[in-house]
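Encoded as structure tokens, the structure appears first; notes follow it.
As the structure is a prediction and not an experimental result, all values here were calculated from the model.
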Amino acid sequence: MSNIEKTLSIIKPDAVERNLIDEIKKIFLKNDLNIKESKKIHITKDEAAEFYKVHQSKPFYNDLCAYLSSGPIVVMVLEGNNAVAANRKIMGATNPKDADKNTIRKLYGISIDKNSVHGSDSSENAKKEIDFFFKN
Ligand code: CMP
């Protein structure tokens, strides 16, 4: 049975800086994730802190927020069958060195911080994250 849903994807500063936007978008499209919305933005550290607030107790939180706000990013709404899980499979493990062959993070990730992409981890968070960037 099909389960068409939406998820939020971010192309992070390390990948935007290396001109990987089109390459990464092609991977989504090839895997039947349609790009319903896309915009290139540069967020503030406070906005990054709000976006990543689920991680606020983690030791890497401050660096994470500084990094996401360090340069332009591309935020996208992807839509497809089981889009949340499909996107996470295409991205690969958080740490590029643990990611499966041909995943985005294996192909392009530099480190656990500069891991090229973010994707929502559940349908519930996908709704919140999409609203964060695309609610007017
Ligand atoms: P992302 O999927 O965007 O979600 C939170 C980010 O925190 C994660 O990708 C990593 O880039 C970053 N991060 C940095 N250190 C860690 C860590 N030790 N464990 C998990 N995520 C980390």
Main chain of [Y], side chain of [X]: is a donor-acceptor contact present, judged purely on distance under 3.5 Å?
X	Y	answer
H42	S69	yes
D14	S116	yes
Y61	A49	yes
N95	K97	yes
E47	T44	yes

Min side-chain heavy-atom separation I11-L20 under 4.5 Å: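 They are not in contact (no side-chain heavy atoms under 4.5 Å apart), so the answer is no.
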Close side-chain approach of L78 and I35, heavy atoms under 4.5 Å: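 When only atoms from C-beta onward are counted, I35 and L78 do touch, with a gap below 4.5 Å.
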Among the clusters formed by ILVMFWY side chains lying less than 4.5 Å apart, do [X] and [Y] turn up in the same one?
X	Y	answer
L33	I73	no
V54	L64	no
L8	V84	no
F28	V77	no
Y67	Y52	no

Minimal non-hydrogen separation, [X] against [Y], with atom names:
X	Y	result
G92	R105	O-NH1, 3.0 Å
V74	S38	CG1-OG, 3.6 Å
K106	K101	CG-CA, 4.1 Å
A126	S120	CA-OG, 3.4 Å
N34	L29	CA-CD2, 4.3 Å
T94	I112	CG2-CG1, 4.0 Å

Find the distance between [atom1] ([X]) and [atom2] ([Y]) and round it off to the nearest 0.5 Å.
X	Y	atom1	atom2	value
N115	K12	CG	NZ	3.5 Å
I130	N125	CD1	CG	11.0 Å
I104	S9	CD1	OG	6.5 Å

In sequence, state the C-alpha distance, the side-chain angles, and the governing distance for M91 and T103, and then conclude on side-chain contact (heavy atoms from CB on, under 4.5 Å). CA-CA 5 Å; M91 288 193 300; T103 59; over 6 Å; no
Is it true that atom [atom1] of [X] has more than 12 heavy atoms of other residues, nucleotides or ligands lying nearer than 6.0 Å?
X	atom1	result
K58	NZ	yes
N81	CG	yes
K114	NZ	no

Measure up the H55 and F60 rings against each other and bin them: parallel (under 30°), tilted (30 to 60°), perpendicular (over 60°).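 Judged by the thresholds at 30° and 60°, the geometry between H55 and F60 is tilted.
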Quick one: do I41 and F133 satisfy side-chain contact (heavy atoms from CB on, under 4.5 Å)? Show the steps, please. CA-CA 10 Å; I41 56 177; F133 286 113; 3.7 Å; yes
Before you tell me yes or no, could you show the steps for I110 and R18 under side-chain contact (heavy atoms from CB on, under 4.5 Å), namely the whole-Å CA-CA distance, both residues' side-chain angles and the distance that decides it to 0.1 Å? CA-CA 11 Å; I110 296 169; R18 287 176 289 150; 3.6 Å; yes
Under the side-chain hydrogen bond (donor to acceptor under 3.5 Å, both in side chains) test, which residues partner [X], sequence neighbours left out?
X	value
K6	E79
E17	none
D32	none

List in chain and number order the residues that pass salt bridge (charged side-chain N to carboxylate O under 4.0 Å, His left out) with K128, two or more places apart in sequence or in another chain; answer none if no residue qualifies.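 Residues passing salt bridge (charged side-chain N to carboxylate O under 4.0 Å, His left out) with K128: E124.
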Partner residues of K53 under the salt bridge (charged side-chain N to carboxylate O under 4.0 Å, His left out) criterion, sequence neighbours left out: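 Applying salt bridge (charged side-chain N to carboxylate O under 4.0 Å, His left out) to K53 gives E50.
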Only counting residues at least two apart or in another chain, list the ones meeting side chain to side chain contact (heavy atoms under 4.5 Å, CB included) with A85.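 Counting only residues at least two positions away or on another chain, A85 forms no side chain to side chain contact (heavy atoms under 4.5 Å, CB included).
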Before you tell me yes or no, could you show the steps for E129 and T7 under side-chain contact (heavy atoms from CB on, under 4.5 Å), namely the whole-Å CA-CA distance, both residues' side-chain angles and the distance that decides it to 0.1 Å? CA-CA 8 Å; E129 293 184 352; T7 190; over 6 Å; no
Taking the six-membered ring of F134 (Phe, Tyr or Trp), confirm whether the NZ or CZ of K39 is under 6.0 Å from its centre and within 45° of its axis.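 Pair K39/F134 counts as cation-pi.
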Test applied, side chain to side chain contact (heavy atoms under 4.5 Å, CB included); reference residue, I10; option that passes from V75, I43, V117: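 Per the side chain to side chain contact (heavy atoms under 4.5 Å, CB included) rule, the option paired with I10 is V75, out of V75, I43, V117.
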